[in-house]
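Notes follow once the structure below has been shown.
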Amino acid sequence: MAKKEQSQLLKRIEAGFEFAQQQVRRLVERYPDYLPMYTVQGKWQHTGEKWTNWCEGFLPGMMWIFHEETGDRYWREKAEHYSRLIEPRKDDRDVHDLGFLFYHGTYRRWHEATVREGRPDPALREVVHHAGRTLAKRFMPAGNYLRSFVAPDSLFVDIMMNVPVILLTAVETNDSELLDVGSKHCATSRRYLVRGDGSTSHEAMFDLSTGECLRQTTHQGYRGDSCWSRGLAWAIYGFATSGRILNFIPWLETSRHCAQYLMERVSADPVPPWDFDAPEESRRQKDTSAGAIAACGLFELADAQQLVGEKEARQRQHLKEVGLRMVGALCGPEYLALGDDHWEGILKHGVYHRNKGLGVDESVMWGEFFFVESLQRALRCLRGLRK
Ligand code: GLY
């Protein structure tokens, strides 16, 4: 990327980061202690159905990122306060989302902040480990996967984003049983959810007695054999993180395979449609959250490859450039709510559950979080290039 293009992109991303802080400040001041999931016509507070409970770590997660980048005490106090609100969820056996809650969003970041400050707090790390051990109880030994929240015979691709809390716990506590559970889950997900062309299925169904995989299906995608774009993004990012934590190249290869599919399918506008295989008319509906997650996943993959010592510098550079292009597009007027005073979210045109009609063409809390994380990663990447 030429120097001039880099500096224009940097300005655009800095403006996006500033705007994200304004919107989150507005949200917490308008609705204190409220942990929303998606907007309805741009407004956070409503009584719309949730389907499941998985988003409560994302608001504090943004606060941690704002604090990491600015050092502002306001964000630190809010981040600690909002993280504490979800601590009891470390025992939640009803959802498969404890990685979203404790790895991506809250206590891992909090613990790492204390490490950076030279006063590591083991109690914070223990909350992460506790969540990892709770999540591992979802393991189904016949099929070798962590069951989704919907049923024991169901495996979701989303769980690839949660398995890192188990893997991290396994590595940090030297627990071979947890390592086995997490590794088997990754292997089963790769075998039954990732297809030969790098596309992904949302869900796989298993025979509970034999552990045999029966079919691929979906809840939030267009069809069982289609590629729901957010699921693909979860796979890119989840396999990259799992490979990085374990220093294990096959998971990085799976992430790269999925990334390749994404990069071949996105057009001049790199923000993906909600499902790559939906009919053309329907594909006009973008899912900005998928774009934000995928961008983070591309940066994560590039960094992980470097850590494990992969030599392919050109390929890493390419992943970062596509990531930057996606973040730059998300910061454009089509997607960023900047200038729309009525809109309470940061990023427009996200999709939660199109088939149920929930959060369609709205701001969605995970889209907000991964967008903010993608801004952080892009800022660090661009500032690194300037040095
Ligand atoms: N449940 C995770 C998702 O909607 O992507």
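Indexing begins at 1, ligand by ligand and atom by atom, following the structure's order.
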For this session: For Arg138 and Asp94, work out which heavy atoms get closest and say how close.
Result: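 Closest approach of Arg138 to Asp94: NH1-C, 3.7 Å.
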For this session: Give the residue and atom name of whichever protein heavy atom lies nearest to atom 1 (N) of ligand 1, and the separation in Å to one decimal.
Result: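 Minimum-distance protein heavy atom for atom 1 (N) of ligand 1 reads Asp158 OD2, 3.1 Å.
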Using a 4.0 Å heavy-atom cut-off, say whether [X] meets ligand 1 through its side chain, its backbone, both or neither.
{"X": "Gln220", "answer": "side chain"}
{"X": "Trp228", "answer": "side chain"}
{"X": "Phe156", "answer": "neither"}

Calculate, to the nearest 0.5 Å, the distance between atoms [atom1] and [atom2] belonging to [X] and [Y] respectively.
{"X": "Glu68", "Y": "Arg109", "atom1": "CD", "atom2": "CZ", "result": "5.0 Å"}
{"X": "Glu87", "Y": "Tyr107", "atom1": "CD", "atom2": "OH", "result": "4.0 Å"}
{"X": "Arg377", "Y": "Asp303", "atom1": "CZ", "atom2": "CG", "result": "6.0 Å"}

Exercise. So between His353, His219, Arg230, whose heavy atom ends up nearest atom 5 (O) of ligand 1?
Worked result: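 The option holding the nearest heavy atom is Arg230.
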Problem set entry | Ring geometry between Tyr352 and Trp54 (parallel below 30°, tilted from 30 to 60°, perpendicular above 60°) |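 If you compare the ring of Trp54 with that of Tyr352, the planes turn out tilted.
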Exercise. What are the atoms of ligand 1, with element, lying closer than 4.0 Å to any heavy atom of Trp234?
Worked result: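 Ligand 1 atoms under the 4.0 Å threshold to Trp234: 3 (C), 5 (O).
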